[in-house]
Amino acid sequence: MCLGIPGRLVAVADEATLMMVADVSGVRRAVNVACVADGALPGLIGRWALIHVGFAMALIDEDEAERTLEALRSLGEAQEALAMMAEGDRALEGAA
Amino acid sequence: MKYVEEFRDPAAAQAVLAHIKALSDDMGLTAEQPLRIMEICGGHTHAIFRFGLDKLVPPGIEFIHGPGCPVCVLPMARVDECIEIARQPGVILTTFGDAMRVPGAKGSLMQAKAAGADIRMVYSPLDALELARRNPDRQVVFFGLGFETTTPSTALAILQAAREGLGNFTVFCNHILLPPPLRALLQDPLNMIDAFIGPGHVSMVTGTHIYDFIPADYGKPVVVAGFEPLDLLQSVLMVLRQARDGRAEVGNQYARVVPEHGNPVSLKAMAEVYEPRPSFEWRGMGEIDASGLRIRDAFRAFDAEARFAIGYGAPTAREIEEPEGCACGLVMTGRVKPTACPRYGNGCTPETPLGALMVSSEGACAAYWQYGGARALEAAE
Ligand code: SF4
């Protein structure tokens, strides 16, 4: 119940009641965008939002998502570097 | 789907796990002397079990399951009151599906529905609003429950009902706040919590500062986290780094969704419609000061407690005992694991839950059962 799911805002349903259509894994559903609308609704078309009990509760910051993924990827690179260092140490030991 | 699959990438998970392991070894953490991290939110408990993260992290990291499942902390008396409302003539009671099987002293909503009460599951409070529009001769009551994540949605529904002048829509408000029970847990000198992983979706509404008191007053790290496996693993790593450096602060792993100061529209709607109750009862934890919300007098027309003179709106309060032999309170506060409860699998299963922790998939007992707890029990026998 407390979970949300990312969906993409694809169309305006009713400007007066702040309703838009969201595409959530291929399923279309009307969602209320009061919490994320800050200006005209058409400006939100194409944005990803976190949808919870029929409300778009937050816009997903795509740059921020990229940064998080980037940080995670660099952990992978660091791991590779560490593995190579260990490899190098072993090679040195072998050489000694 | 975007932002789901990316945060489930196994290769990245392996990399984070390697870093967690290295740090845990560095810090000398072991199964006997672990770092105990409480994941506050039932959604996190569910994700940890679903993806087996508790088995993937090194033995020096122990997850303690927190009280952050609104269905699980709902006291029996409130379920009974909800059923009482549903039985009133002309009432349509609407609720999230999670609440249907929560046992009250006189059965669950599911049983009340089978016995003839008009109880309907909805996805959103907006569905309840629509039912009220379509059934002007009926009273439509929405069973409002949840933490700060869900509260804005019922507040906005009430504001919409007020704008439309709907006279047949009320909310039975059981909304609760997250910081008060955490403070209650931390005030217990016997608590064993070293650090916290905070629910991202609460902070999506409130921002991250609601946890400032945890490092400031109790010196423990907090990291606000998303719900995908990589989110959780990265959060564990962030907690470990704080612990290694001897720091305690509020970190934000879920910045793609959680702004530091929360969502202004949600916060404004909540403050407009709701105010704190002097105290509210939590299943397994008792009454906690200023931990629940009620509907302000200005919106009394939309308050089911006022309309049906029930609950905290009733002239006399009532006391109800928890089921016999259950360890719900101890499990809820992270003191014992579900398998330590004498009723676990012994009268209490997801099909016939005795305590609420066995009902919702976000409850610790149900998560254990669904993802291996049942196996553990069989192995022990
Ligand atoms: S097993 Fe059942 S009775 Fe025991 S703590 Fe869990 S929900 Fe409560």
Side-chain angles (χ1 to χ4, degrees), chain A residues 1-8 13-14 16-19 22-27 29-38 46-83 85-86, chain B residues 1-4 6-7 9 11-16 18-19 22 41-43 46 68-71 96-99 123-127 145-147 149-150 152-154 156 159-160 199 201-202 204-205 226-227 230-231 233-234 237 253-259 263-266 269 360 362:
Chain A
M1 181 189 89
C2 313
L3 294 182
I5 183 157
R8 197 175 199 142
D14 179 28
T17 52
L18 298 173
M19 297 297 288
D23 180 320
V24 183
S25 309
V27 179
R29 216 206 124 92
V31 297
N32 180 293
V33 295
C35 297
V36 298
D38 148 29
R47 292 292 307 266
W48 284 83
L50 204 288
I51 295 166
H52 170 69
V53 299
F55 290 78
M57 300 294 297
L59 291 176
I60 297 176
D61 183 332
E62 301 192 25
D63 295 340
E64 201 49 68
E66 251 335 293
R67 272 194 287 279
T68 306
L69 288 168
E70 204 40 60
L72 288 162
R73 284 184 202 116
S74 71
L75 282 176
E77 281 157 25
Q79 191 200 6
E80 254 166 53
L82 288 174
M85 274 182 227
Chain B
M1 193 199 341
K2 221 177 171 195
Y3 306 122
V4 174
E6 281 142 311
F7 286 91
D9 175 18
Q14 283 309 327
V16 187
H19 282 256
C41 171
H46 182 83
C69 162
V71 170
F96 294 133
D98 306 49
Y123 162 69
S124 166
L126 296 176
D127 299 337
L145 77 171
F147 286 96
T149 314
T150 314
S153 63
T154 58
L156 288 164
L159 289 169
Q160 181 66 31
H201 292 155
V202 164
M204 156 179 88
V205 171
F227 293 82
L230 277 177
D231 290 321
L233 290 176
Q234 191 182 25
L237 185 60
Q253 182 278 331
Y254 200 34
R256 66 184 184 278
V257 167
V258 172
N263 183 294
V265 179
S266 300
S360 155
E362 291 166 21

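Below, chains carry the letters A, B, ... as their sequence lines are ordered, and counting in each starts from 1.
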By a 4.5 Å heavy-atom criterion (distance strictly below it), what part of [X] contacts chain A: side chain, backbone, both, or neither?
| X | value |
| --- | --- |
| B:Val205 | side chain |
| B:Leu233 | neither |
| B:Pro264 | neither |

Taking the side chain as every heavy atom from C-beta outward, state whether [X] and [Y] have any atom pair closer than 4.5 Å.
| X | Y | answer |
| --- | --- | --- |
| A:Met19 | B:Leu126 | yes |
| A:Cys35 | B:Leu156 | yes |
| A:Met57 | B:Val257 | no |

Any idea which heavy atoms bring [X] and [Y] closest together, and the distance?
| X | Y | result |
| --- | --- | --- |
| B:Tyr123 | A:His52 | OH-C, 4.3 Å |
| B:His201 | A:Gly4 | CE1-N, 3.4 Å |
| B:Tyr254 | A:Leu50 | OH-CD2, 4.0 Å |

What residues, two or more places apart in sequence or in another chain, satisfy side-chain hydrogen bond (donor to acceptor under 3.5 Å, both in side chains) together with A:Glu66? none

[atom2] on [Y] to [atom1] on [X], rounded to 0.5 Å:
| X | Y | atom1 | atom2 | result |
| --- | --- | --- | --- | --- |
| A:Leu72 | B:Gln234 | CG | CD | 4.0 Å |
| A:Leu69 | B:Leu230 | CG | CG | 8.0 Å |
| A:Phe55 | B:Thr149 | CZ | OG1 | 13.5 Å |

Considering residues at least two apart in sequence or located in another chain, which fulfil the salt bridge (Lys or Arg N to Asp or Glu O under 4.0 Å) criterion with B:Asp9? none

What part of A:Ile60 gets closer than 4.5 Å to chain B, counting heavy atoms only: side chain, backbone, both or neither? both

Can you tell me which portion of A:Arg67 sits under 4.5 Å from chain B's heavy atoms? Options are side chain, backbone, both or neither. neither

Assess whether atom CG of A:Asp14 is packed by more than 12 heavy atoms of other residues, nucleotides or ligands within 6.0 Å. yes

